[in-house]
Engineer: 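Below are the structure tokens for one structure; questions will follow.
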Amino acid sequence: MMDLFLFSLYFFFSPVYFFLLMAIFSFFLMNNLCWGGLFFFADSFSFVLLIVMSLFILGVVLLSEKNNILLLLSESLVFVCILFFVPINVIMLYMFFELSMFPILVMILGYGSQIEKINSAYYLIFYASFCSLPFLFVYFKSMFFISLVYFDFNLSWEMVFILSLSFMMKFPVYFLHLWLPKAHVEAPTTASMLLAGLLLKLGTAGFFRIMGSFNFVHNNLWLIVAFIGMILASFCCMFQSDAKALAAYSSVTHMSFLLMSIVFVMLSSKTSGLIMMLAHGYTSTLMFYLVGEFFHVSSSRMVYYMNSFFSSGMIIALFFAVVFLSNSGTPPSLSFMSEFVSITAALSILKFGFWIMFLYFFIAFYYSIYILMSALMGKSFIDMGIWGVGFSVPLIFMMYNIFWLSVFF
């Protein structure tokens, strides 16, 4: 296994071969669930599925991106993320967690189109350093558990808060999310796809690993933050005029919903959380891809100008509708399956959960239908190339591929 992995590095500068070898590597990983090595310990199908998702996203980036440097940066980001999903110890986990910032920063600063990209890079670096440096303090306190990936021992409330803070920044929960819309708006389309589909999954995967420290008593705070974030981020989406910012805030909304699901610490909610991670990875990647395609044609990201997809191209309109309906949780998408299971967990635990869910779904469905109607209806003509949008077919297939659920049951 290790030799195949190192052999794939030999083709790092020819992206297609690298992608194919990493895909073969991930399928081998499916068969050999547990194997110890220098860097890896694949301990769960959950993380293997996330690796497969990251390779799907890399495949679409390879098809759609023409710039060689951006392709190499995308490869290095996916490579670091794969190492993060299957680390052998906690220091490796932390190292790859922080290393994933570097390719995104280079993408934003090197290939962003506006001068505000410097401001967004400041936000990104500040949040990363502010939330992650206290994280090292926990390692010093738990020195003799340094070789384990999981935090399974009891910590005080403050320590658990510090431990989860750095993962929450990459989640991102509502109060630590300010860097996300800024980074998305300034980043090129490729960076946005990787940022939404892959980088936000690092926080959730890391959070899965520290849930052993929660001990069922430390999770009230994150439950409240998740509820507030779900509602407030949904309201933010309603007032966005920039389609990329709307997609970014809808990511914050979904991640808050995912946090609420995970924090219940039930088996069904953990499963639904993982399915939601996969669904969000595919859906948000495609949202940014389609908005980016529209931007390349029309030089505008305003929701107001996104109209007449029906008269411009039926296939584009169909893809757009399918992606944004999946974002709002319409059956038979993976989003619907995961949200349905999460709601059953919420209603069985909380008495007032129904009203929060009702408010959340009411607002979330509103902004999805709003952008859908404004994009599809209209009488002008936009000359959009069909081949560029055709690359999104594999991700649409995965977004509605509920047969993945056979892995969990």
Side-chain angles (χ1 to χ4, degrees), residues 1-65 68 70-100 102-104 149-150 190 193-202 204-206 208-209 274-275 277-279 281-282 285 391 393-395 397-399 401 403-408:
M1 288 298 294
M2 197 66 193
D3 46 359
L4 176 66
F5 184 66
L6 293 171
F7 182 62
S8 65
L9 282 181
Y10 182 70
F11 294 100
F12 187 75
F13 290 101
S14 51
V16 177
Y17 292 125
F18 177 77
F19 166 69
L20 289 173
L21 280 165
M22 291 306 286
I24 294 168
F25 169 72
S26 72
F27 281 115
F28 273 127
L29 211 58
M30 282 267 194
N31 289 328
N32 305 342
L33 184 58
C34 286
W35 54 281
L38 185 62
F39 291 112
F40 304 110
F41 187 71
D43 52 347
S44 168
F45 267 137
S46 315
F47 302 113
V48 178
L49 282 175
L50 287 170
I51 288 173
V52 172
M53 184 191 76
S54 62
L55 288 172
F56 260 90
I57 294 168
L58 178 63
V60 173
V61 168
L62 290 181
L63 288 171
S64 61
E65 184 55 56
N68 258 337
L70 274 175
L71 280 180
L72 289 177
L73 285 167
S74 308
E75 277 184 8
S76 55
L77 180 64
V78 169
F79 182 69
V80 167
C81 290
I82 288 173
L83 289 174
F84 172 83
F85 288 135
V86 282
I88 193 73
N89 61 25
V90 168
I91 287 296
M92 286 286 178
L93 185 87
Y94 180 75
M95 201 164 68
F96 295 125
F97 186 73
E98 292 306 315
L99 195 59
S100 63
F102 177 70
I104 286 288
V149 184
Y150 289 91
T190 302
M193 288 162 65
L194 290 165
L195 195 60
L198 200 50
L199 216 65
L200 299 190
K201 305 299 167 292
L202 298 190
T204 47
F208 269 140
R209 293 193 181 278
L274 178 62
I275 302 172
M277 284 159 72
L278 296 171
Y282 295 123
T285 302
F391 294 143
V393 172
L395 287 188
F397 172 70
M398 293 303 294
M399 199 162 61
N401 184 5
F403 304 107
W404 273 110
L405 303 185
S406 60
V407 175
F408 302 112

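Just so you know, residue 1 is the first one in the sequence shown, and it goes up from there.
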Engineer: Do you know the tightest heavy-atom contact between Ser74 and Thr190?
Structural biologist: OG-CG2, 3.4 Å

Engineer: Starting at OG1 of Thr204, measure out to CG of Leu274 and round the result to the nearest 0.5 Å.
Structural biologist: 8.5 Å

Engineer: Check Pro103 against Leu73 and note the closest heavy-atom contact, atom names and distance.
Structural biologist: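 Taking Pro103 first and Leu73 second, the nearest heavy atoms are CB-O, 3.7 Å.
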
Engineer: Taking C-beta and beyond as the side chain, do Phe12 and Leu72 meet within less than 4.5 Å on heavy atoms?
Structural biologist: yes

Engineer: How many angstroms lie between CZ in Phe56 and CE in Met399, if you round to the nearest 0.5 Å?
Structural biologist: 12.5 Å

Engineer: Can you find a heavy atom in the side chain of Leu195 that is under 4.5 Å from one in the side chain of Leu200?
Structural biologist: no

Engineer: At their closest point, which heavy atom of Cys81 faces which heavy atom of Leu202, and how far apart are they?
Structural biologist: SG-CD2, 3.9 Å

Engineer: Determine whether Leu199 and Leu77 make a side-chain contact, defined as any pair of heavy atoms from C-beta on separated by less than 4.5 Å.
Structural biologist: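 Yes, close enough: below the 4.5 Å cut-off.
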
Engineer: When Phe79 is tested against each of Leu58, Leu9, Leu99 for side chain to side chain contact (heavy atoms under 4.5 Å, CB included), which residue passes?
Structural biologist: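 One option only clears the test, and that one is Leu9.
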
Engineer: Please report the shortest heavy-atom distance between Phe85 and Ala205, naming the atom on each side.
Structural biologist: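 Smallest heavy-atom distance, with atoms named: CE2-CB, 3.7 Å.
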
Engineer: Checking side chain to side chain contact (heavy atoms under 4.5 Å, CB included) for the pair Met53/Lys201: CA distance, chi angles, key distance, verdict?
Structural biologist: CA-CA 10 Å; Met53 184 191 76; Lys201 305 299 167 292; 3.7 Å; yes

Engineer: Would a 4.5 Å heavy-atom cut-off, applied to side chains only, mark Glu75 and Phe11 as touching?
Structural biologist: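 Glu75 vs Phe11: side chains apart.
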
Engineer: Mind checking whether Ile82 and Leu55 have side chains closer than 4.5 Å, heavy atoms only?
Structural biologist: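 SC-SC contact between Ile82 and Leu55 confirmed.
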
Engineer: Minimum heavy-atom separation for Met22 to Ser8, with atom names?
Structural biologist: SD-OG, 3.4 Å

Engineer: Taking all heavy atoms of Ser26 and all of Val48, pick out the closest pair and write down the distance.
Structural biologist: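 So the minimum-distance heavy-atom pair works out to O-CG1, 4.2 Å.
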
